[in-house]
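Below is one structure; the comments refer to it alone.
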Amino acid sequence: MSAKRIGPIRQAWYQWKALRLPWRKRFLVGLDLQGNTYWEFRLTRGDPESSPDARFRRIVQYPRSTHYSEIKVPPQWHQWLRYQRRAAPSLAEQAEDLSRQDRIKVLAAEADARWEAKPSYLDAPPGEAPGAGDKGQPVPPLNTGRTQPQERAARESPTPNESRLADDAQRPSSSALAKEKDDPWKRAKPTAPGETWQPEAWTPPPAKKR
């Protein structure tokens, strides 16, 4: 998008409004490629630190012929309006950024086209990867438990060392037996009836008919 043509009269008027004369409260800062103008203004003249109304504010004005739904403010001017940059962007900077966006769109379209040209996993037949048609069907894994019973029996039956380790793990050690023998709570005899009480099964009696 190129900048809108500005006539000599309007260009001279812009230059006059951009002059920062001491008695002025409103100055033209610049314009964008869409024809929007950006201004700085203050309510009163004076020291901005002593009077808040003397602080410069930033606004944008749109052409009268532009509908509100068609108004677009470039990102560089957005930064200037929000005091995120000190200097106002020039028309050359805005044109360069616009050409950069066009190049990015072209590169993105080329990347999408390359991605669409590749075979998709969703379109491939079940059990077959895309591009693997000339490689033959995949070979299923070999189930050695069915084809070799002796290997399956050897894997399921424990070895003598495993049996001995299992017996040792189940048999209590001497230290555990000594600890249990020396435990006073194990040697103490139950005295209260609640210490030996165990819950019993309860069957409700049949209800009486009324």
Side-chain angles (χ1 to χ4, degrees), residues 1-138 140-141:
M1 180 185 298
S2 59
K4 293 184 178 180
R5 282 190 165 277
I6 303 175
I9 299 177
R10 183 170 291 274
Q11 188 173 2
W13 183 79
Y14 283 160
Q15 294 177 358
W16 167 251
K17 287 296 183 181
L19 296 177
R20 292 182 174 268
L21 301 177
W23 62 83
R24 279 185 176 175
K25 299 180 182 179
R26 182 185 178 95
F27 309 97
L28 176 66
V29 179
L31 65 158
D32 57 15
L33 301 178
Q34 287 79 22
N36 304 324
T37 55
Y38 300 85
W39 304 73
E40 278 187 342
F41 73 98
R42 56 184 176 180
L43 300 179
T44 58
R45 293 187 297 270
D47 187 9
E49 296 181 358
S50 59
S51 176
D53 294 337
R55 182 177 63 85
F56 280 101
R57 294 166 172 81
R58 298 175 177 180
I59 59 173
V60 54
Q61 282 190 346
Y62 320 111
R64 295 182 179 179
S65 58
T66 305
H67 194 268
Y68 285 114
S69 61
E70 300 176 356
I71 294 173
K72 296 181 180 179
V73 178
Q76 295 84 2
W77 281 111
H78 262 298
Q79 296 175 355
W80 181 83
L81 290 170
R82 297 178 179 273
Y83 296 90
Q84 295 180 357
R85 59 180 295 169
R86 185 182 299 273
S90 61
L91 291 176
E93 179 184 353
Q94 300 176 58
E96 178 63 26
D97 184 72
L98 199 62
S99 61
R100 180 188 61 84
Q101 295 179 15
D102 294 338
R103 291 195 301 269
I104 290 177
K105 292 179 181 179
V106 172
L107 294 176
E110 293 177 356
D112 292 342
R114 290 195 302 268
W115 182 262
E116 291 294 338
K118 292 183 179 181
S120 176
Y121 281 90
L122 301 178
D123 299 337
E128 182 180 352
D134 53 347
K135 297 181 181 179
Q137 297 182 356

d(Leu81 CG, Gln76 CD) to nearest 0.5 Å is 11.5 Å
Going by heavy atoms in the side chains, are Phe41 and Ile59 under 4.5 Å from each other? yes
Under the side-chain contact (heavy atoms from CB on, under 4.5 Å) rule, what do Tyr14 and Leu31 come out as? Steps first, then yes or no, please. CA-CA 9 Å; Tyr14 283 160; Leu31 65 158; 4.1 Å; yes
Residues which pass side-chain contact (heavy atoms from CB on, under 4.5 Å) with Ser99, listed by chain and number, not counting sequence neighbours: Glu96, Arg103
ring-ring contact (aromatic ring centres under 6.0 Å, His included) filter on Phe27, not counting sequence neighbours, yields Phe56
So do Tyr62 and Gln34 actually touch side chain to side chain, heavy atoms under 4.5 Å? no
Sequence neighbours left out, what pairs pass side-chain hydrogen bond (donor to acceptor under 3.5 Å, both in side chains) with at least one residue falling in residues 20-29? Arg20-Glu40, Arg26-Gln61
Would you indicate whether the side-chain heavy atoms of Gln94 and Asp97 approach each other to under 4.5 Å? no
State which residues pass side-chain contact (heavy atoms from CB on, under 4.5 Å) with Lys72; sequence neighbours excluded, sorted by chain then number. none
Applying side-chain contact (heavy atoms from CB on, under 4.5 Å), can you list everything that pairs with Thr44, at least two apart in sequence or on another chain? Ser51, Asp53, Ala54
Please check if atom CD1 in Ile9 has more than 12 non-hydrogen atoms from other residues, nucleotides or ligands closer than 6.0 Å. no
Hey, could you give me the CG/CG distance between Leu98 and Leu91, rounded to the nearest 0.5 Å? 12.0 Å
Which heavy-atom pair separates Gly35 from Pro63 by the least distance, and what is that distance? O-CG, 3.6 Å
In this structure, OG1 of Thr66 is separated from CG of Asn36 (nearest 0.5 Å) by 6.5 Å
Report all side-chain donor-acceptor pairs from residues 110-118 shorter than 3.5 Å, counting only partners two or more places apart or in another chain.
none

Residues in side-chain contact (heavy atoms from CB on, under 4.5 Å) with Gln15, at least two apart? Gln11
Applying side-chain hydrogen bond (donor to acceptor under 3.5 Å, both in side chains) as the test, list every pair that has at least one member in residues 79-91; sequence neighbours left out. Arg85-Glu93
Test item: Leu28 and Trp16 side chains (from C-beta on) under 4.5 Å apart, heavy atoms: no
